[in-house]
Amino acid sequence: MMRLILPLLLLALLAGCAGGGSATQRYALPGPEAATVAAAETRLLIAPLQLVEYLNQEGIVLQLDDISRHQAREHRWIEAPGPHLARGLRDRLAERLPQTQVALARGDDAPAPRLRLEVERFEGRYDGMAIAAGSWRLASAEGSPLAQGRFHAERPLAGDGYPALVRALGESWDAVADQVAAALAPRLATDR
């Protein structure tokens with residue numbers, strides 16, 4: 001009798017674990033409120049961000065060790081990461097470049113310098129750091145290259161859990177905006 005009851009009990013326990021998963025949590029990257037668009041002599045368009053494939057998913061990514069990555073199933077970005085990061089970058093650059101009107105590129109835009117970012121890392125790391133890294137390119141309104149560079153920012157998590165990771169990733173994205181704005185400011189000033 002025990003031989004029959006034990007497998008049924010184990011099966012019931014496994015079924016309960018499978019069906020009783022926790023609810024999905026959605027996270028928005030913290031950052032500045034959307035900047036008001038002021039009249040400015042210089043305009044900068046941000047092209048859609050390019051993310052490496054493993055980051056271009058809604059699940060928040062963790063680097064588990066030197067070779068392993070894990071994408072969370074129940075801890076997700078509020079929307080696709082590319083547009084979410086692009087809006088965050090727009091708002092951060094608008095704060096850091098007050099003489100420049102910063103906007104997301106659309107198909108019907110007037111000619112203006114265009115900034116392209118390729119995001120290679122935007123994740124938590126096993127040692128308690130949040131990392132943002134990649135490259136950027138600035139092209140003239142006509143499309144010719146003006147400047148390019150790399151960005152890399154790491155910020156420690158203030159605590160455990162996904163909320164702390166998302167806040168630290170927001171701080172890393174702030175540092176990326178600082179780096180990019182510092183590189184662009186002289187170039188944009190000469191284009192006025």
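Basis for what follows: all heavy atoms, side chains included, without hydrogens, waters or symmetry-related copies. All residue numbers refer to positions in the sequence shown, counting from 1.
Counting only distance, with no hydrogens or angles, the side chain of Arg92 and the backbone of Gly88 share a donor-acceptor pair below 3.5 Å. Checking side-chain atoms of Thr100 against main-chain N and O of Thr42 turns up no donor-acceptor pair under 3.5 Å. Gln179 places a side-chain N or O within 3.5 Å of a backbone atom of His152 that can act as its donor or acceptor partner. Judged purely by atom type and a 3.5 angstrom limit, His84 uses its side chain to pair as donor or acceptor with the backbone of Leu29. Proximity of a side-chain donor or acceptor of Asp109 to a complementary backbone N or O of Arg106 within less than 3.5 Å is detected.
Classification of the Trp77-Phe122 ring pair by plane angle, with boundaries at 30° and 60°, yields tilted.
Cluster membership for Leu64 and Met129, using ILVMFWY side-chain heavy atoms within less than 4.5 angstrom, is not shared. Under a hydrophobic clustering in which Ile, Leu, Val, Met, Phe, Trp and Tyr are joined whenever their side-chain heavy atoms come within less than 4.5 Å, directly or via other members, Leu169 and Tyr126 fall into different clusters. Put simply, Leu146 and Leu44 are part of the same group of oily side chains (I, L, V, M, F, W, Y) that touch within less than 4.5 Å, one to the next. Residues Ile60 and Ile78 do not share a hydrophobic cluster, clusters being chains of Ile/Leu/Val/Met/Phe/Trp/Tyr side chains in contact below 4.5 Å.
Using a 4.0 Å cut-off between charged nitrogen and carboxylate oxygen, Glu58 and Arg26 count as a salt-bridge pair. Under the 4.0 Å criterion applied to side-chain N and carboxylate O atoms, Glu118 and Arg150 are not assigned as salt-bridge partners.
For Leu45 against Ala105, the heavy-atom pair with the smallest separation is CB-CB, 4.1 Å. The minimum heavy-atom distance linking Leu165 with Ala130 is given by the pair CD1-CB, 4.1 Å. Closest approach of Ile131 and Arg121 over heavy atoms only: CD1-NH2, 3.4 Å. In plain terms, the two heavy atoms of Trp173 and Leu89 that are nearest each other are NE1-N, 3.6 Å. Smallest separation of non-hydrogen atoms from Leu93 and Ala177: CD2-O, 3.7 Å. Of all heavy-atom pairs spanning Glu171 and Pro156, the tightest one is OE1-O, 4.4 Å.
A side-chain donor from one of Ser140 and Glu142 sits under 3.5 Å from a side-chain acceptor of the other. A donor atom on one side chain and an acceptor atom on the other are not found under 3.5 Å apart for Glu74 and Tyr162.
By the 6.0 Å contact criterion, CZ on Arg76 is enclosed, its count of non-hydrogen atoms from other residues, nucleotides or ligands being greater than 12. When the shell of 6.0 Å around CD of Gln50 is examined, it contains 12 or fewer heavy atoms from other residues, nucleotides or ligands. More than 12 non-hydrogen atoms from other residues, nucleotides or ligands lie less than 6.0 angstrom from CG of Asp65.
Just one residue in the list Asp174, Val102, Asp91, Leu184 forms a side chain to side chain contact (heavy atoms under 4.5 Å, CB included) with Arg96, and that residue is Asp174.
You'll find the side chain of Glu154 reaches within 4.5 Å of the side chain of Arg125, heavy atoms only.
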